[in-house]
Amino acid sequence: MIKLTEEDFKMIYNTHFDNLRRYLYYRSGDQDLSEDIAQNVFMKIWKKKIDTTKGNIKSLLFKMGTDEFISYYRRSKIEREYVNSQDFKLVHQDDDDDDFSEKKKMYEKALKALTDKQRVALLMNKMEGLTYKEIAESLNLSQKAIEKRISQALSVLKNNLNSL
Amino acid sequence: MNKQTKFSDQKINNFLSKADVPLGKDKERIWAEKFDSFIANENKPQPVTISLFNLNWRYGIAASIAILIAVTIYLNPLENMQNRMAFGELSATEEELFADETMIESLFIEDSEFDDWFEERYVLNVVN
């Protein structure tokens, strides 16, 4: 087994930390929680000296992040209420435009109404520009499943936006 | 304008491609705040600590051994002497044995009783 060096760990951190944080934010809509869970995941990687040369490291990180996220809410037993209470916030390149804020709020509201799985797949595709294959590898799902989720998410989002 | 055409796929794509989520602190700052010290601590060689419990046990075992040795040394000459007496190496004279026996017995009797008994015993001894 190859021991994880500090250099390797830093490289993995630089490459994947923000991706993991984004993914967790897509799910929770909670900035602080996303940051905390992402940190915990990386601390576990370092403490357990997990062999990062085997398999897909991004998929492993996302899996660990998902498990932490789920166990956090299971422990507190308020998953549904908590997630529902969170506002889903976005930052946008056109934020300076005064007329834009109303439109952004509509998007935020419509995105919040999606299921977290739909939201994750849609935003990884549309915001980060990841292909179906890349998303499928990260989430350890089939491409078909991702395609279906994104298609459903887009349809629901469009309906939500047009009904607001 | 029809409501369904207000937000098309194209418009949604355009909006989302320019959007991002708020990430808060920069990852380099998080690294400096959390991971630098965390990794430094993890890499530091851990000092070997002997717990109080282990220390007591060690002292306990050492003390037990010392006591056993001391008792063995203390009891050994007496045991040797008894063994030697048993094998006849040390032979006490009849008078010595009689004196010892008399002295011990005298502890449990009155003086007058002792005098009577001693005279009787002594006379019988002499006569015999």
Side-chain angles (χ1 to χ4, degrees), chain A residues 5-6 9-10 13-26 28-32 34-36 38-40 42-43 46-47 49 88-95 100 103-104 106-108 110-111 119 122-123 125-129 151 153-155 157-164, chain B residues 1-70:
Chain A
T5 63
E6 195 178 331
F9 180 63
K10 182 81 204 283
Y13 176 88
N14 284 336
T15 314
H16 297 296
F17 186 76
D18 280 345
N19 291 332
L20 181 60
R21 256 203 299 186
R22 271 197 190 88
Y23 163 71
L24 291 164
Y25 187 86
Y26 297 155
S28 66
D30 186 329
Q31 192 179 304
D32 293 334
S34 310
E35 195 177 301
D36 287 347
Q39 279 180 32
N40 286 346
F42 275 90
M43 281 183 174
W46 176 252
K47 266 186 182 171
K49 300 281 186 287
F88 193 83
K89 294 284 178 195
L90 292 172
V91 286
H92 201 275
Q93 289 175 16
D94 300 331
D95 268 347
F100 187 75
K103 189 178 166 186
K104 198 176 86 171
M106 288 174 77
Y107 271 97
E108 287 170 347
L111 283 168
R119 193 166 51 237
L122 179 73
L123 296 184
N125 178 243
K126 304 295 178 191
M127 277 189 188
E128 297 178 43
S151 162
L154 207 52
S155 167
L157 182 70
K158 218 185 321 177
N159 281 338
N160 289 345
L161 284 167
N162 289 322
S163 62
L164 285 171
Chain B
M1 197 168 110
N2 187 341
K3 261 194 160 186
Q4 289 300 318
T5 58
K6 218 166 110 184
F7 287 97
S8 64
D9 285 359
Q10 186 59 43
K11 280 184 178 176
I12 291 171
N13 283 344
N14 282 342
F15 177 89
L16 291 179
S17 65
K18 292 177 187 173
D20 200 356
V21 291
L23 288 180
K25 282 183 200 167
D26 179 61
K27 70 178 175 195
E28 286 302 325
R29 198 175 140 199
I30 294 172
W31 178 272
E33 282 177 6
K34 302 268 177 179
F35 289 94
D36 267 343
S37 58
F38 177 68
I39 290 172
N41 283 338
E42 286 275 311
N43 286 338
K44 210 185 282 178
Q46 299 295 315
V48 180
T49 54
I50 300 166
S51 76
L52 197 61
F53 182 76
N54 289 339
L55 206 66
N56 282 342
W57 267 108
R58 285 177 187 191
Y59 278 129
I61 291 166
S64 305
I65 292 167
I67 289 166
L68 278 173
I69 292 166

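Numbers restart at 1 for each chain; the letters A, B, ... are given by sequence-line order, proteins then strands.
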Rounded distance [0.5 Å steps], CG in A:Asn125 versus CG in B:Asn13: 8.0 Å
Sorted by chain and number, sequence neighbours left out, salt bridge (charged side-chain N to carboxylate O under 4.0 Å, His left out) with A:Lys126 holds for none
Reported OG-to-NE2 distance for the pair B:Ser17 and A:His92, which is rounded to 0.5 angstrom: 7.0 Å
If you draw a 6.0 Å radius around NZ in B:Lys18, do more than 12 non-hydrogen atoms from other residues or ligands fall strictly inside? no
May I ask you to list the residues in residues 29-39 of chain B that approach chain A closer than 4.5 angstrom, counting heavy atoms only, ordered by number? B:Ile30, B:Trp31, B:Lys34, B:Phe35, B:Phe38, B:Ile39
Partner chain B: residue of A:Leu111, A:Leu154, A:Asp18 with the largest heavy-atom pair count (under 4.5 Å): A:Asp18
Is it the backbone or the side chain of A:Met43 that comes under 4.5 Å from a heavy atom of chain B, or both, or neither? both
Output yes when a side-chain donor or acceptor of A:Lys158 lies under 3.5 Å from a complementary backbone atom of B:Asp9, and no otherwise. no
Rounded distance [0.5 Å steps], CZ in B:Phe15 versus CG in A:Leu161: 9.0 Å
Which heavy atom of B:Asp20 sits nearest a heavy atom of A:Met127, and at what distance? CA-SD, 4.0 Å
Please determine, among A:Leu157, A:Asn14, A:Leu123, the option with the most heavy-atom pairs under 4.5 Å with chain B. A:Asn14
Residues at least two apart in sequence or cross-chain that pass salt bridge (charged side-chain N to carboxylate O under 4.0 Å, His left out) with A:Glu35, listed by chain then number, are A:Arg21
Side chains of B:Val21 and A:Val91: closer than 4.5 Å at any heavy-atom pair? no
Applying ring pair (Phe, Tyr, Trp, His ring centres under 6.0 Å), name anything that partners A:Phe42, two or more places apart in sequence or on another chain. A:Tyr13, A:Phe17
Mind checking the CD1-CG spacing from B:Ile12 to A:Leu122? Nearest 0.5 Å is all I need. 8.0 Å
